[in-house]
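Shown next, in C-alpha coordinates, is the structure this report addresses.
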Amino acid sequence: MKPPLLRKIGGYVFAVVFIFAGWWITAVLVNSPALPTPADAVEVLVANADQLVPYFFTSAYRVIVSLVIGTVLAVPIAHVCARSRTLDTLFAPVLYLLYPIPKVVLLPILLVLFGLADAPKIVLISLTVFFQVLVAVRDAVRAIPESAVVAIRSLGGSRFDEYRHVAVPATMPAVFTSLRIGVGTAIAVLFIAEAMAGSTGLGYYIMQSWSMVNYPRMFAGIIAMALLGVVLYALFDIVERRLTRWR
Amino acid sequence: METQGAHISFSHVSVEFDDGADALTACKDVSFTVEPGQAIALIGPSGCGKSTTLRMASGLLEPSEGTVLVNDEPVVRPRQATALIPQDLGLFPWKTVLQNAALGLTIRKVAKREAQERACQALEQVGLQGFERSYPKELSGGMRQRLALARALAMDADLLLMDEPLSAIDALLRESLQDALLDLWLQRGHTQMLVTHSIEEAVYLGQRILVFSERPGTVVADIANPDMGNPEWRDSMAFAEKCLEIRAVLAGGAR
Ligand SMILES: Nc1ncnc2c1ncn2[C@@H]1O[C@H](COP(=O)(O)OP(=O)(O)OP(=O)(O)O)[C@@H](O)[C@H]1O
Ligand SMILES: [Mg+2]
(Lines give C-alpha, C1' and ligand atoms only; values in the text may rest on other atoms or scores of the structure.)
(Ligands and ions follow the chains in the order given, each with its own letter.)
Protein backbone atom coordinates (compact mmCIF):
# COMPACT_ATOMS: atom_id res chain seq x y z
CA MET A 1 0.00 0.00 0.00
CA LYS A 2 0.97 3.64 0.17
CA PRO A 3 4.25 4.33 1.93
CA PRO A 4 2.78 6.99 4.29
CA LEU A 5 0.32 4.41 5.60
CA LEU A 6 3.11 1.87 6.03
CA ARG A 7 5.18 4.48 7.87
CA LYS A 8 2.22 5.25 10.10
CA ILE A 9 1.64 1.59 10.95
CA GLY A 10 5.37 1.24 11.55
CA GLY A 11 5.18 4.18 13.94
CA TYR A 12 2.38 2.58 15.93
CA VAL A 13 4.18 -0.78 16.09
CA PHE A 14 7.24 1.00 17.39
CA ALA A 15 5.17 2.89 19.96
CA VAL A 16 3.57 -0.32 21.28
CA VAL A 17 6.96 -2.04 21.52
CA PHE A 18 8.39 1.02 23.25
CA ILE A 19 5.58 1.22 25.82
CA PHE A 20 5.68 -2.50 26.61
CA ALA A 21 9.49 -2.46 26.87
CA GLY A 22 9.29 0.46 29.28
CA TRP A 23 6.66 -1.31 31.33
CA TRP A 24 8.71 -4.51 31.36
CA ILE A 25 11.89 -2.80 32.51
CA THR A 26 10.00 -0.89 35.21
CA ALA A 27 8.33 -4.10 36.40
CA VAL A 28 11.65 -5.88 36.65
CA LEU A 29 13.25 -2.96 38.49
CA VAL A 30 10.35 -2.39 40.90
CA ASN A 31 10.06 -6.11 41.46
CA SER A 32 6.74 -5.96 43.29
CA PRO A 33 3.63 -8.15 42.87
CA ALA A 34 1.67 -4.88 42.41
CA LEU A 35 3.40 -4.33 39.05
CA PRO A 36 3.34 -7.53 36.99
CA THR A 37 5.21 -7.77 33.71
CA PRO A 38 3.29 -7.24 30.45
CA ALA A 39 3.69 -10.94 29.72
CA ASP A 40 1.74 -11.87 32.88
CA ALA A 41 -0.94 -9.29 32.12
CA VAL A 42 -1.36 -10.36 28.51
CA GLU A 43 -1.56 -14.00 29.57
CA VAL A 44 -4.49 -13.19 31.89
CA LEU A 45 -6.01 -10.95 29.22
CA VAL A 46 -6.17 -13.87 26.82
CA ALA A 47 -7.32 -16.34 29.45
CA ASN A 48 -10.13 -14.05 30.69
CA ALA A 49 -11.22 -12.89 27.25
CA ASP A 50 -14.68 -14.43 27.62
CA GLN A 51 -15.35 -12.11 30.55
CA LEU A 52 -13.36 -9.09 29.35
CA VAL A 53 -14.85 -8.84 25.88
CA PRO A 54 -18.45 -8.34 27.11
CA TYR A 55 -17.18 -5.87 29.71
CA PHE A 56 -15.28 -4.03 27.00
CA PHE A 57 -18.47 -3.63 24.99
CA THR A 58 -20.48 -2.61 28.05
CA SER A 59 -17.97 0.13 28.79
CA ALA A 60 -17.73 1.12 25.15
CA TYR A 61 -21.50 1.37 24.97
CA ARG A 62 -21.61 3.66 28.01
CA VAL A 63 -18.91 6.00 26.71
CA ILE A 64 -20.19 6.15 23.14
CA VAL A 65 -23.80 6.80 24.14
CA SER A 66 -22.58 9.51 26.50
CA LEU A 67 -20.39 11.11 23.83
CA VAL A 68 -23.36 11.19 21.47
CA ILE A 69 -25.79 12.59 24.05
CA GLY A 70 -23.33 15.20 25.30
CA THR A 71 -22.52 16.34 21.76
CA VAL A 72 -26.08 16.37 20.48
CA LEU A 73 -27.10 18.55 23.42
CA ALA A 74 -24.06 20.82 23.40
CA VAL A 75 -23.78 21.72 19.70
CA PRO A 76 -27.16 23.42 19.19
CA ILE A 77 -26.95 25.21 22.53
CA ALA A 78 -23.45 26.43 21.69
CA HIS A 79 -24.65 27.79 18.34
CA VAL A 80 -27.67 29.53 19.77
CA CYS A 81 -25.69 31.03 22.65
CA ALA A 82 -22.82 32.23 20.49
CA ARG A 83 -25.09 33.83 17.91
CA SER A 84 -27.32 35.69 20.34
CA ARG A 85 -25.70 38.45 22.33
CA THR A 86 -28.42 38.45 25.01
CA LEU A 87 -28.27 34.72 25.61
CA ASP A 88 -24.50 34.80 25.62
CA THR A 89 -24.18 37.57 28.20
CA LEU A 90 -26.71 35.66 30.28
CA PHE A 91 -25.18 32.21 30.03
CA ALA A 92 -21.47 32.79 29.50
CA PRO A 93 -20.83 33.45 33.22
CA VAL A 94 -22.88 30.39 34.17
CA LEU A 95 -20.89 28.35 31.72
CA TYR A 96 -17.57 29.67 32.94
CA LEU A 97 -18.45 28.91 36.54
CA LEU A 98 -19.71 25.39 35.84
CA TYR A 99 -17.09 24.35 33.29
CA PRO A 100 -14.09 23.91 35.62
CA ILE A 101 -16.07 22.04 38.30
CA PRO A 102 -15.24 18.34 38.05
CA LYS A 103 -18.62 16.80 37.24
CA VAL A 104 -17.50 13.56 38.86
CA VAL A 105 -18.35 14.99 42.29
CA LEU A 106 -21.99 14.58 41.31
CA LEU A 107 -21.64 10.80 41.10
CA PRO A 108 -22.97 10.02 44.60
CA ILE A 109 -26.09 12.10 43.95
CA LEU A 110 -26.59 10.53 40.53
CA LEU A 111 -26.36 7.09 42.11
CA VAL A 112 -29.13 8.01 44.50
CA LEU A 113 -31.25 9.47 41.72
CA PHE A 114 -30.65 6.93 38.95
CA GLY A 115 -29.70 3.68 40.65
CA LEU A 116 -26.68 1.53 39.95
CA ALA A 117 -27.17 0.54 36.30
CA ASP A 118 -26.10 2.40 33.13
CA ALA A 119 -28.10 5.59 33.71
CA PRO A 120 -25.97 7.38 36.33
CA LYS A 121 -22.76 6.59 34.41
CA ILE A 122 -24.16 7.82 31.14
CA VAL A 123 -25.53 10.97 32.76
CA LEU A 124 -22.20 11.73 34.39
CA ILE A 125 -20.07 11.18 31.28
CA SER A 126 -22.58 13.03 29.09
CA LEU A 127 -22.36 15.98 31.44
CA THR A 128 -18.58 16.04 31.22
CA VAL A 129 -18.63 15.78 27.42
CA PHE A 130 -21.42 18.35 27.19
CA PHE A 131 -19.37 21.08 28.80
CA GLN A 132 -16.24 20.31 26.83
CA VAL A 133 -18.03 20.39 23.48
CA LEU A 134 -20.12 23.40 24.49
CA VAL A 135 -17.10 25.55 25.32
CA ALA A 136 -15.16 24.50 22.21
CA VAL A 137 -18.03 25.00 19.78
CA ARG A 138 -19.07 28.30 21.33
CA ASP A 139 -15.55 29.62 20.78
CA ALA A 140 -15.53 28.24 17.24
CA VAL A 141 -18.81 29.96 16.39
CA ARG A 142 -17.46 33.23 17.69
CA ALA A 143 -14.37 32.83 15.53
CA ILE A 144 -16.40 32.63 12.31
CA PRO A 145 -15.48 35.67 10.25
CA GLU A 146 -18.34 38.11 9.78
CA SER A 147 -17.46 38.22 6.08
CA ALA A 148 -18.59 34.62 5.64
CA VAL A 149 -22.01 35.43 7.06
CA VAL A 150 -22.23 38.54 4.89
CA ALA A 151 -21.32 36.48 1.84
CA ILE A 152 -24.16 34.06 2.50
CA ARG A 153 -26.58 36.92 3.00
CA SER A 154 -25.47 38.63 -0.19
CA LEU A 155 -26.26 35.41 -2.02
CA GLY A 156 -29.79 35.71 -0.68
CA GLY A 157 -29.30 33.05 1.98
CA SER A 158 -31.73 32.58 4.85
CA ARG A 159 -30.88 32.07 8.49
CA PHE A 160 -31.00 28.35 7.82
CA ASP A 161 -28.47 28.74 4.99
CA GLU A 162 -26.16 30.56 7.39
CA TYR A 163 -26.19 27.48 9.63
CA ARG A 164 -25.97 24.99 6.82
CA HIS A 165 -23.24 26.64 4.79
CA VAL A 166 -21.29 28.60 7.40
CA ALA A 167 -21.88 27.87 11.06
CA VAL A 168 -22.03 24.09 10.87
CA PRO A 169 -19.14 23.39 8.48
CA ALA A 170 -16.97 26.04 10.13
CA THR A 171 -17.43 24.50 13.59
CA MET A 172 -17.50 20.80 12.73
CA PRO A 173 -13.74 20.43 13.21
CA ALA A 174 -14.05 21.94 16.70
CA VAL A 175 -16.66 19.33 17.63
CA PHE A 176 -14.35 16.48 16.77
CA THR A 177 -11.27 18.12 18.24
CA SER A 178 -13.08 18.53 21.53
CA LEU A 179 -14.34 14.95 21.37
CA ARG A 180 -10.86 13.63 20.63
CA ILE A 181 -9.42 15.57 23.53
CA GLY A 182 -12.44 14.70 25.67
CA VAL A 183 -12.03 10.94 25.24
CA GLY A 184 -9.37 10.81 27.97
CA THR A 185 -11.58 12.58 30.49
CA ALA A 186 -14.63 10.57 29.47
CA ILE A 187 -12.82 7.28 30.10
CA ALA A 188 -11.46 8.53 33.41
CA VAL A 189 -14.98 9.40 34.52
CA LEU A 190 -16.21 6.05 33.23
CA PHE A 191 -13.61 4.28 35.34
CA ILE A 192 -14.57 6.10 38.50
CA ALA A 193 -18.28 5.56 37.89
CA GLU A 194 -17.87 1.84 37.17
CA ALA A 195 -15.44 1.35 40.03
CA MET A 196 -17.75 3.00 42.56
CA ALA A 197 -21.02 1.42 41.58
CA GLY A 198 -22.41 -1.50 39.62
CA SER A 199 -21.12 -4.91 38.72
CA THR A 200 -20.21 -4.66 35.05
CA GLY A 201 -17.72 -2.88 32.86
CA LEU A 202 -13.97 -2.56 32.75
CA GLY A 203 -13.80 -0.17 35.71
CA TYR A 204 -15.61 -2.70 37.85
CA TYR A 205 -13.32 -5.47 36.59
CA ILE A 206 -10.21 -3.48 37.47
CA MET A 207 -11.43 -2.65 40.99
CA GLN A 208 -12.62 -6.22 41.55
CA SER A 209 -9.17 -7.54 40.60
CA TRP A 210 -7.58 -5.00 42.92
CA SER A 211 -9.69 -6.17 45.88
CA MET A 212 -8.86 -9.75 44.96
CA VAL A 213 -5.19 -8.70 45.06
CA ASN A 214 -4.89 -10.22 41.59
CA TYR A 215 -2.60 -7.70 39.91
CA PRO A 216 -2.05 -9.47 36.58
CA ARG A 217 -5.86 -9.59 36.22
CA MET A 218 -6.06 -5.91 37.13
CA PHE A 219 -3.52 -5.00 34.46
CA ALA A 220 -5.39 -7.07 31.90
CA GLY A 221 -8.37 -4.79 32.63
CA ILE A 222 -6.18 -1.71 32.37
CA ILE A 223 -4.94 -2.82 28.94
CA ALA A 224 -8.53 -3.31 27.79
CA MET A 225 -9.50 0.12 29.04
CA ALA A 226 -6.48 1.71 27.36
CA LEU A 227 -7.48 -0.02 24.15
CA LEU A 228 -10.96 1.48 24.39
CA GLY A 229 -9.46 4.94 24.74
CA VAL A 230 -7.08 4.46 21.83
CA VAL A 231 -9.80 3.20 19.50
CA LEU A 232 -12.07 6.15 20.24
CA TYR A 233 -9.23 8.63 20.00
CA ALA A 234 -8.14 7.25 16.63
CA LEU A 235 -11.72 7.34 15.38
CA PHE A 236 -12.19 11.01 16.20
CA ASP A 237 -8.75 11.78 14.85
CA ILE A 238 -9.65 10.28 11.48
CA VAL A 239 -12.99 12.10 11.28
CA GLU A 240 -11.34 15.36 12.30
CA ARG A 241 -8.71 15.02 9.59
CA ARG A 242 -11.37 14.34 6.98
CA LEU A 243 -13.33 17.38 8.05
CA THR A 244 -10.34 19.70 8.10
CA ARG A 245 -8.98 18.91 4.66
CA TRP A 246 -9.80 22.49 3.70
CA ARG A 247 -7.55 24.02 6.35
CA MET B 1 -27.38 33.36 -22.17
CA GLU B 2 -28.83 36.78 -22.77
CA THR B 3 -29.92 38.62 -19.65
CA GLN B 4 -32.00 41.72 -19.41
CA GLY B 5 -30.08 44.11 -17.16
CA ALA B 6 -31.52 45.68 -14.05
CA HIS B 7 -32.23 49.36 -13.58
CA ILE B 8 -30.69 51.08 -10.55
CA SER B 9 -31.62 54.38 -9.05
CA PHE B 10 -30.08 56.11 -6.03
CA SER B 11 -31.81 59.30 -4.99
CA HIS B 12 -30.48 61.56 -2.23
CA VAL B 13 -28.97 58.65 -0.37
CA SER B 14 -27.07 59.25 2.84
CA VAL B 15 -25.59 56.72 5.24
CA GLU B 16 -24.64 57.30 8.82
CA PHE B 17 -22.87 54.73 10.93
CA ASP B 18 -23.69 55.21 14.57
CA ASP B 19 -20.86 53.72 16.58
CA GLY B 20 -22.07 54.73 20.00
CA ALA B 21 -20.42 58.08 20.73
CA ASP B 22 -19.36 59.35 17.29
CA ALA B 23 -21.63 59.10 14.29
CA LEU B 24 -19.86 58.83 10.97
CA THR B 25 -21.39 59.93 7.68
CA ALA B 26 -20.12 57.58 5.00
CA CYS B 27 -22.23 58.82 2.08
CA LYS B 28 -24.05 62.11 1.70
CA ASP B 29 -26.74 62.91 -0.85
CA VAL B 30 -25.69 60.36 -3.42
CA SER B 31 -27.88 60.39 -6.52
CA PHE B 32 -27.39 58.55 -9.79
CA THR B 33 -29.13 56.07 -12.03
CA VAL B 34 -27.84 53.17 -14.07
CA GLU B 35 -29.75 52.15 -17.18
CA PRO B 36 -30.43 48.47 -17.87
CA GLY B 37 -27.39 46.81 -19.34
CA GLN B 38 -25.06 49.67 -18.53
CA ALA B 39 -21.62 49.14 -17.02
CA ILE B 40 -20.47 51.83 -14.64
CA ALA B 41 -17.29 52.24 -12.68
CA LEU B 42 -17.11 53.85 -9.25
CA ILE B 43 -13.88 55.52 -8.27
CA GLY B 44 -12.85 57.72 -5.37
CA PRO B 45 -10.47 58.08 -2.46
CA SER B 46 -10.21 55.34 0.16
CA GLY B 47 -12.93 55.38 2.77
CA CYS B 48 -15.28 57.57 0.72
CA GLY B 49 -18.16 55.11 0.82
CA LYS B 50 -17.76 53.11 -2.39
CA SER B 51 -18.20 49.74 -0.70
CA THR B 52 -21.05 51.21 1.31
CA THR B 53 -22.77 52.30 -1.90
CA LEU B 54 -22.34 48.85 -3.38
CA ARG B 55 -23.70 47.20 -0.25
CA MET B 56 -26.81 49.34 -0.53
CA ALA B 57 -27.26 48.36 -4.17
CA SER B 58 -26.96 44.72 -3.15
CA GLY B 59 -29.51 45.03 -0.36
CA LEU B 60 -27.11 44.27 2.48
CA LEU B 61 -27.45 47.77 3.90
CA GLU B 62 -30.34 50.20 3.99
CA PRO B 63 -29.71 53.91 3.57
CA SER B 64 -30.26 56.22 6.51
CA GLU B 65 -31.89 58.71 4.14
CA GLY B 66 -33.04 58.62 0.54
CA THR B 67 -34.07 55.66 -1.57
CA VAL B 68 -32.30 52.93 -3.47
CA LEU B 69 -34.40 51.32 -6.17
CA VAL B 70 -33.56 48.32 -8.32
CA ASN B 71 -36.06 47.78 -11.13
CA ASP B 72 -38.21 50.44 -9.43
CA GLU B 73 -38.47 48.52 -6.18
CA PRO B 74 -36.77 49.50 -2.93
CA VAL B 75 -34.05 46.99 -2.07
CA VAL B 76 -34.61 45.98 1.52
CA ARG B 77 -32.81 42.64 1.29
CA PRO B 78 -30.50 40.90 -1.20
CA ARG B 79 -32.30 40.21 -4.47
CA GLN B 80 -32.19 36.79 -6.04
CA ALA B 81 -31.01 38.24 -9.34
CA THR B 82 -28.19 40.34 -7.93
CA ALA B 83 -24.68 38.94 -7.72
CA LEU B 84 -22.16 40.67 -5.47
CA ILE B 85 -18.45 40.01 -5.40
CA PRO B 86 -17.37 41.54 -2.10
CA GLN B 87 -14.00 43.14 -1.47
CA ASP B 88 -12.84 40.00 0.37
CA LEU B 89 -14.43 37.73 -2.28
CA GLY B 90 -16.64 35.91 0.22
CA LEU B 91 -15.35 32.44 -0.63
CA PHE B 92 -15.87 29.63 1.86
CA PRO B 93 -12.65 27.85 2.75
CA TRP B 94 -14.54 24.71 3.79
CA LYS B 95 -16.19 24.31 0.41
CA THR B 96 -14.55 23.00 -2.74
CA VAL B 97 -14.17 25.15 -5.83
CA LEU B 98 -17.24 23.54 -7.38
CA GLN B 99 -19.31 23.92 -4.21
CA ASN B 100 -18.27 27.55 -3.93
CA ALA B 101 -19.18 28.21 -7.55
CA ALA B 102 -22.54 26.51 -7.16
CA LEU B 103 -23.43 28.06 -3.83
CA GLY B 104 -25.55 30.88 -5.20
CA LEU B 105 -27.63 28.29 -7.03
CA THR B 106 -27.76 25.91 -4.08
CA ILE B 107 -29.22 28.69 -1.97
CA ARG B 108 -31.74 29.43 -4.70
CA LYS B 109 -32.77 25.78 -4.46
CA VAL B 110 -31.76 24.95 -8.00
CA ALA B 111 -31.63 21.16 -8.42
CA LYS B 112 -28.21 19.82 -7.52
CA ARG B 113 -27.47 18.43 -10.97
CA GLU B 114 -28.34 21.62 -12.75
CA ALA B 115 -26.48 23.72 -10.19
CA GLN B 116 -23.34 21.67 -10.73
CA GLU B 117 -23.67 21.85 -14.49
CA ARG B 118 -24.06 25.60 -14.48
CA ALA B 119 -21.23 26.01 -11.97
CA CYS B 120 -18.97 23.87 -14.16
CA GLN B 121 -19.81 26.00 -17.17
CA ALA B 122 -19.01 29.15 -15.23
CA LEU B 123 -15.73 27.67 -14.01
CA GLU B 124 -14.86 26.89 -17.58
CA GLN B 125 -15.66 30.46 -18.63
CA VAL B 126 -13.13 31.79 -16.15
CA GLY B 127 -10.57 29.10 -16.93
CA LEU B 128 -10.82 27.10 -13.72
CA GLN B 129 -11.79 23.75 -15.20
CA GLY B 130 -9.87 20.92 -13.59
CA PHE B 131 -9.90 22.55 -10.16
CA GLU B 132 -13.46 21.60 -9.19
CA ARG B 133 -12.38 19.45 -6.28
CA SER B 134 -9.69 21.76 -4.92
CA TYR B 135 -10.19 23.97 -1.91
CA PRO B 136 -9.76 27.77 -2.07
CA LYS B 137 -6.53 27.63 -0.06
CA GLU B 138 -5.03 25.58 -2.89
CA LEU B 139 -5.68 28.37 -5.41
CA SER B 140 -3.56 31.41 -6.19
CA GLY B 141 -4.93 34.89 -5.52
CA GLY B 142 -5.90 35.35 -9.15
CA MET B 143 -7.62 31.98 -9.31
CA ARG B 144 -9.62 32.86 -6.21
CA GLN B 145 -10.83 36.04 -7.82
CA ARG B 146 -11.82 34.09 -10.89
CA LEU B 147 -13.68 31.64 -8.66
CA ALA B 148 -15.62 34.50 -7.08
CA LEU B 149 -16.44 35.70 -10.58
CA ALA B 150 -17.55 32.21 -11.61
CA ARG B 151 -19.93 32.05 -8.67
CA ALA B 152 -21.48 35.34 -9.73
CA LEU B 153 -21.71 34.20 -13.36
CA ALA B 154 -23.34 30.89 -12.49
CA MET B 155 -26.18 32.80 -10.86
CA ASP B 156 -27.06 34.30 -14.23
CA ALA B 157 -27.76 37.63 -12.54
CA ASP B 158 -29.16 40.75 -14.16
CA LEU B 159 -27.04 42.90 -11.87
CA LEU B 160 -23.38 42.26 -11.15
CA LEU B 161 -21.79 44.28 -8.35
CA MET B 162 -18.04 44.07 -7.88
CA ASP B 163 -15.95 45.61 -5.14
CA GLU B 164 -12.37 45.88 -6.36
CA PRO B 165 -12.46 42.33 -7.66
CA LEU B 166 -9.03 42.53 -9.27
CA SER B 167 -7.13 44.46 -6.65
CA ALA B 168 -4.94 41.58 -5.45
CA ILE B 169 -3.72 40.59 -8.88
CA ASP B 170 -0.51 41.38 -10.70
CA ALA B 171 -0.66 43.71 -13.70
CA LEU B 172 -0.50 41.17 -16.54
CA LEU B 173 -3.09 38.80 -15.18
CA ARG B 174 -5.16 41.78 -14.24
CA GLU B 175 -5.41 42.87 -17.86
CA SER B 176 -6.47 39.43 -19.00
CA LEU B 177 -9.14 39.28 -16.28
CA GLN B 178 -10.32 42.74 -17.26
CA ASP B 179 -10.69 41.41 -20.80
CA ALA B 180 -12.64 38.47 -19.43
CA LEU B 181 -14.95 40.80 -17.50
CA LEU B 182 -15.48 42.93 -20.58
CA ASP B 183 -16.25 39.90 -22.75
CA LEU B 184 -18.72 38.57 -20.26
CA TRP B 185 -20.50 41.87 -19.97
CA LEU B 186 -20.64 42.28 -23.78
CA GLN B 187 -22.00 38.74 -24.15
CA ARG B 188 -24.57 38.81 -21.40
CA GLY B 189 -25.75 42.36 -21.23
CA HIS B 190 -26.27 42.54 -17.48
CA THR B 191 -26.07 45.78 -15.56
CA GLN B 192 -22.71 46.13 -13.89
CA MET B 193 -21.28 48.28 -11.11
CA LEU B 194 -17.56 48.06 -10.53
CA VAL B 195 -15.76 49.71 -7.63
CA THR B 196 -12.10 50.23 -8.34
CA HIS B 197 -9.05 52.16 -7.25
CA SER B 198 -7.50 51.99 -10.66
CA ILE B 199 -8.20 54.80 -13.12
CA GLU B 200 -7.22 52.59 -16.06
CA GLU B 201 -9.60 49.88 -14.93
CA ALA B 202 -12.43 52.37 -14.55
CA VAL B 203 -11.82 53.74 -18.03
CA TYR B 204 -11.52 50.26 -19.52
CA LEU B 205 -14.61 48.77 -17.89
CA GLY B 206 -16.95 51.72 -17.30
CA GLN B 207 -19.34 53.08 -19.87
CA ARG B 208 -19.79 55.79 -17.31
CA ILE B 209 -17.41 56.68 -14.54
CA LEU B 210 -18.77 58.01 -11.27
CA VAL B 211 -16.19 59.89 -9.26
CA PHE B 212 -16.78 60.11 -5.51
CA SER B 213 -15.49 62.84 -3.24
CA GLU B 214 -13.64 62.34 0.02
CA ARG B 215 -15.80 61.19 2.92
CA PRO B 216 -18.65 61.91 3.25
CA GLY B 217 -18.74 60.52 -0.26
CA THR B 218 -20.93 62.04 -2.90
CA VAL B 219 -20.89 61.96 -6.67
CA VAL B 220 -18.67 64.81 -7.88
CA ALA B 221 -18.53 63.81 -11.53
CA ASP B 222 -20.40 61.48 -13.86
CA ILE B 223 -18.18 61.08 -16.87
CA ALA B 224 -19.41 59.51 -20.09
CA ASN B 225 -17.00 57.05 -21.66
CA PRO B 226 -18.64 56.04 -24.93
CA ASP B 227 -15.58 54.35 -26.46
CA MET B 228 -15.53 51.67 -23.79
CA GLY B 229 -16.24 48.14 -24.99
CA ASN B 230 -13.59 47.97 -27.65
CA PRO B 231 -10.74 45.77 -26.43
CA GLU B 232 -8.20 47.59 -28.57
CA TRP B 233 -8.85 50.94 -27.13
CA ARG B 234 -6.69 50.35 -24.09
CA ASP B 235 -3.66 51.14 -26.27
CA SER B 236 -5.09 54.23 -27.94
CA MET B 237 -4.34 57.88 -27.32
CA ALA B 238 -8.00 58.55 -26.49
CA PHE B 239 -7.77 56.04 -23.64
CA ALA B 240 -4.75 57.79 -22.17
CA GLU B 241 -6.53 61.14 -22.46
CA LYS B 242 -9.60 59.75 -20.68
CA CYS B 243 -7.39 58.55 -17.86
CA LEU B 244 -5.86 61.99 -17.55
CA GLU B 245 -9.32 63.53 -17.43
CA ILE B 246 -10.36 61.26 -14.57
CA ARG B 247 -7.11 61.90 -12.73
CA ALA B 248 -7.74 65.64 -12.97
CA VAL B 249 -11.26 65.24 -11.55
CA LEU B 250 -9.99 63.07 -8.72
CA ALA B 251 -7.29 65.58 -7.86
CA GLY B 252 -9.86 68.36 -7.93
CA GLY B 253 -12.23 66.49 -5.67
CA ALA B 254 -9.48 65.90 -3.15
CA ARG B 255 -8.76 69.57 -2.79
N1 LIG C 1 -20.24 48.71 9.38
C2 LIG C 1 -19.63 49.90 9.56
N3 LIG C 1 -19.67 50.50 10.78
C4 LIG C 1 -19.09 51.69 10.97
N5 LIG C 1 -18.42 52.37 10.03
C6 LIG C 1 -18.34 51.84 8.80
C7 LIG C 1 -18.95 50.57 8.50
N8 LIG C 1 -18.71 50.28 7.20
C9 LIG C 1 -17.99 51.32 6.72
N10 LIG C 1 -17.77 52.24 7.66
C11 LIG C 1 -17.07 53.52 7.48
O12 LIG C 1 -17.66 54.18 6.38
C13 LIG C 1 -16.67 54.80 5.58
C14 LIG C 1 -16.80 54.33 4.16
O15 LIG C 1 -16.45 52.96 4.09
P16 LIG C 1 -16.39 52.15 2.73
O17 LIG C 1 -15.99 50.79 3.06
O18 LIG C 1 -17.64 52.34 1.99
O19 LIG C 1 -15.21 52.91 1.97
P20 LIG C 1 -14.57 52.59 0.55
O21 LIG C 1 -14.81 53.77 -0.29
O22 LIG C 1 -15.04 51.29 0.06
O23 LIG C 1 -13.04 52.52 0.92
P24 LIG C 1 -11.90 51.58 0.29
O25 LIG C 1 -11.60 52.17 -1.04
O26 LIG C 1 -10.77 51.74 1.21
O27 LIG C 1 -12.43 50.20 0.22
C28 LIG C 1 -15.33 54.46 6.21
O29 LIG C 1 -14.90 55.56 6.96
C30 LIG C 1 -15.62 53.31 7.11
O31 LIG C 1 -14.81 53.36 8.26
MG1 LIG D 1 -14.18 49.43 -0.20
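Chain identifiers are assigned alphabetically (A, B, ...) following the order of the sequence lines, protein sequences preceding nucleic acid strands; residue numbering begins at 1 within each chain. Worth knowing before you read on, the calculation uses all heavy atoms, side chains too, and leaves out hydrogens, waters and symmetry mates. Because the structure is predicted, anything quoted here is derived from the model rather than measured.
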Self-check item: Per-residue contact mode, B/Pro86 against chain A (heavy atom under 4.5 angstrom)
Solution: neither

Self-check item: chain B interface, residue from A/Ser154, A/Ser147, A/Gly157, A/Gly156 that has the most non-hydrogen pairs under 4.5 Å
Solution: A/Ser154

Quiz item: For A/Tyr99 and A/Phe131, what are the C-alpha separation, side-chain angles and deciding distance, and is it a ring-ring contact (aromatic ring centres under 6.0 Å, His included)?
Solution: CA-CA 6 Å; A/Tyr99 176 61; A/Phe131 277 94; 7.0 Å; no

Self-check item: Under-4.0 Å salt bridge between A/Arg153 and A/Asp161
Solution: no

Quiz item: Under a 4.5 Å heavy-atom cut-off, does chain A meet the side chain of B/Arg151, its backbone, both or neither?
Solution: side chain

Practice problem: Return yes if a side-chain donor-acceptor contact under 3.5 Å exists between B/Glu124 and B/Gln129, otherwise no. | Solution: no

Quiz item: Do you know the tightest heavy-atom contact between A/Val123 and A/Leu110?
Solution: CG1-CD2, 3.8 Å

Quiz prompt | Chi angles and distances behind the side chain to side chain donor-acceptor pair (under 3.5 Å) call for B/Thr191, B/Gln38 | solution = CA-CA 5 Å; B/Thr191 306; B/Gln38 231 178 17; over 6 Å; no

Quiz item: Between the side chains of B/Arg215 and B/Ser46, is a donor N or O closer than 3.5 angstrom to an acceptor N or O?
Solution: no

Quiz prompt | Toward chain A, the part of B/Thr96 with a non-hydrogen atom under 4.5 Å | solution = neither

Quiz prompt | Which atoms of A/Ile152 approach chain B - backbone, side chain, both or neither, heavy atom under 4.5 Å | solution = both

Quiz item: What part of A/Arg245 lies closer than 4.5 angstrom to a heavy atom of chain B: side chain, backbone, both or neither?
Solution: both

Self-check item: Partner chain A: residue of B/Glu138, B/Gln87, B/Gln99, B/Arg108 with the largest heavy-atom pair count (under 4.5 Å)
Solution: B/Arg108

